[in-house]
Number of protein chains: 2
Amino acid sequence: MVDVVRRNTDYALRLMVNLARYHGNGPVSTRAAAKEEGVPYQLACKLMQKLHKSKLVKSRMGPKGGFSLGRDPSQISLREVVETIQGPISINRCLLAADACKRQHDCGARTKLAELQHYVRDFLDRITLDELLHNGREKE
Amino acid sequence: MVDVVRRNTDYALRLMVNLARYHGNGPVSTRAAAKEEGVPYQLACKLMQKLHKSKLVKSRMGPKGGFSLGRDPSQISLREVVETIQGPISINRCLLAADACKRQHDCGARTKLAELQHYVRDFLDRITLDELLHNGREKE
DNA sequence: CATATATAAGACTTACAAAGTCTTATATAT
DNA sequence: ATATATAAGACTTTGTAAGTCTTATATATG
């Protein structure tokens, strides 16, 4: 079995939604976010580093420091987070490079799978952090 | 990077399309199909065994033996082949069991990802082996 | 009936990548 | 000065996909 969204990506998503929840109230420490979201602390550190490199979060060092979202939660898509952590979303490896497969010329699957890949990417593009946040806390 | 369709699944798909190509002309030996589709022979054997267990192909032992499709190519979907080889298609492991995640009650991602998973499965349900075959050989 | 050709089954090994841990360095609020 | 936080990356563990090997069994055909 293969998950399109891996465990670490799931963790990163939770952390990002956590930051979204406290957006505007100053930085959130990794320790706090990790604890609240049930993510192993050391892993959370590494994930935050990746998210920082891709500018999805800003950091402030020192006490009272932590991470905060780089943009408004309505401007960060699920796909950005996913691809930051686990790389480009792929249906089949033959779709990641134009010349990845020499059989592609008489391959009936390629076109179909490319179509699906496009749909999936687009779907995740259209979901934003604030949607996830409001969706989840709707009932309260 | 994660491929929704793994390498072995890709191999199995090629083998199945090969059988579809010769459908009605008696069994195809694994050796022949593997060679024609560029699949390592021993791997092809294991894949054919899985396909046989799930009734997607019929086998005939002995010389002049080999495998043939269990049903007409128009009645075998891409999803059946994929799930026979690599198990259920999953967007996130939290979607595979009703109680896989205790956070699901206030999780905004779950609904969206379930929707996507449903779309992907349905998409692959609607593609059949004979479509793949005709798509690929259209130009000839 | 002997033999060559095919599948059947599963143990075993290898290779790779994800997940998780540990260590050291650096910045800053108080 | 010190405690608290991030920064960075080496390292270990674990899981699983991919690939190989071995032995058994069925059957067409001379």
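By convention in this document, chain letters (A, B, ...) are assigned in the order of the sequence lines, proteins followed by strands, and residues within each chain are numbered from 1.
Taking a 4.0 Å limit (strictly below) on heavy-atom distances, residues 78-96 of chain A does not reach DNA chain C anywhere.
Atom NZ in B/Lys50 sits roughly 14 Å away from atom P in C/dA9 (whole-Å rounding). The distance between atom CG of B/Leu47 and atom P of C/dG10, rounded to the nearest whole Å, is 16 Å. Taking atom CG on B/Leu43 and atom P on C/dC12, their separation rounds to 19 Å, with Å as the unit. Between the CG atom of B/Leu51 and the C1' atom of C/dA8 there is a distance of 14 Å, given to the nearest Å. Note: NZ (B/Lys35) to P (C/dA6) measures 12 Å, nearest angstrom. One atom, CZ of A/Arg6, and another, P of D/dG15, lie 17 Å apart when rounded to the nearest Å. In this structure, the CE atom of B/Met48 is 17 Å from the P atom of D/dG19, given to the nearest Å. Look at NZ on A/Lys58: it is 14 Å from P on D/dA7, rounded to the nearest Å.
Atom-to-atom distance recorded for A/Gln42:CD and A/Cys45:SG is 5.5 Å, nearest 0.5 angstrom. Atoms CG and CG, from A/Leu19 and A/Leu129 in turn, are 9.0 Å apart once rounded to the nearest 0.5 Å. Atom OG1 of A/Thr111 and atom CD of A/Gln104 lie 9.5 Å apart (nearest 0.5 Å). Taking CD of B/Glu131 as the start and NZ of A/Lys112 as the end, the distance is 4.5 Å to the nearest 0.5 Å. One distance of note links CE of B/Met16 with CG of B/Leu56; it measures 4.5 Å at 0.5 Å rounding.
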Which atom pairs, one a donor and one an acceptor, fall under 3.5 Å between side chains of residues 114-127 of chain A and the rest of the protein, sequence neighbours left out?
residue, atom, partner, partner atom, Å
A/Gln117, OE1, A/Ile91, N, 2.9
A/Arg121, NE, A/Ile89, O, 3.1
A/Arg121, NH2, A/Ile89, O, 2.6
A/Asp122, OD2, A/Arg126, NH1, 2.5
A/Asp125, OD2, A/Arg79, NH1, 2.9

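Base engagement by A/Tyr41 is indicated by at least one non-hydrogen atom pair under 4.0 Å involving a base atom. At the heavy-atom level, B/Arg31 lies nowhere under 4.0 Å from the strands shown.
Looking only at distances, a side-chain donor or acceptor of A/Arg110 sits under 3.5 Å from a matching main-chain atom of A/Cys94.
Residue B/His52 places none of its side-chain N or O atoms closer than 4.0 Å to OP1 or OP2 of C/dT7. At the phosphate of D/dT6, OP1 or OP2 sits under 4.0 Å from a side-chain N or O atom of A/Thr30. Put simply, B/Asn8 has a side-chain N or O that comes within less than 4.0 Å of OP1 or OP2 on D/dA18. Between B/Ser59 and C/dA6, a side-chain N or O to OP1/OP2 separation shorter than 4.0 Å is absent.
DNA chain C contains the following stems of three or more consecutive Watson-Crick or G-U pairs, with both distances under 3.5 Å: C:1-30 with D:1-30.
Residues A/Pro27 and A/Phe67 form no side-chain contact, since every pair of their non-hydrogen atoms from C-beta on lies 4.5 Å or further apart. With a 4.5 Å cut-off on side-chain heavy atoms, A/Leu51 and A/Ile85 count as touching.
For the residue pair B/Ala109 and A/Leu132, the shortest heavy atom distance occurs at CA-CD2, 3.6 Å.
Side chains of A/Ser90 and B/Asp3: a donor on one and an acceptor on the other come within 3.5 Å.
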* To do: Summarise protein proximity over nucleotides 23-30 of chain C in one line of letters, 5' to 3': B for base, S for sugar-phosphate only, - for none, counting protein heavy atoms closer than 4.0 Å.
  => ---BBBBS
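Ranking C/dG20, D/dA18, D/dA7 by closeness to the A/Tyr11 side chain, first place goes to C/dG20. Among the nucleotides C/dG20, D/dA8, C/dA6, the one closest to any side-chain atom of B/Ser29 is C/dA6.
Pairs passing the side-chain hydrogen bond (donor to acceptor under 3.5 Å, both in side chains) check and including a residue from residues 6-17 of chain A, sequence neighbours excluded, read A/Thr9-A/Gln86, A/Asp10-A/Arg14, A/Asp10-B/Asn92.
Heavy-atom nearest nucleotides on DNA chain C were determined for B/Gly66 and for A/Thr9, and the one closer to the 5' end corresponds to B/Gly66. When each of A/Lys46 and A/Phe67 is assigned the nucleotide of DNA chain D with its nearest heavy atom, A/Phe67 is the one assigned upstream, toward the 5' end.
Listed by chain and number, the residues in a side chain to side chain contact (heavy atoms under 4.5 Å, CB included) with B/Gln75 are B/Arg71, B/Asp72 (sequence neighbours excluded).
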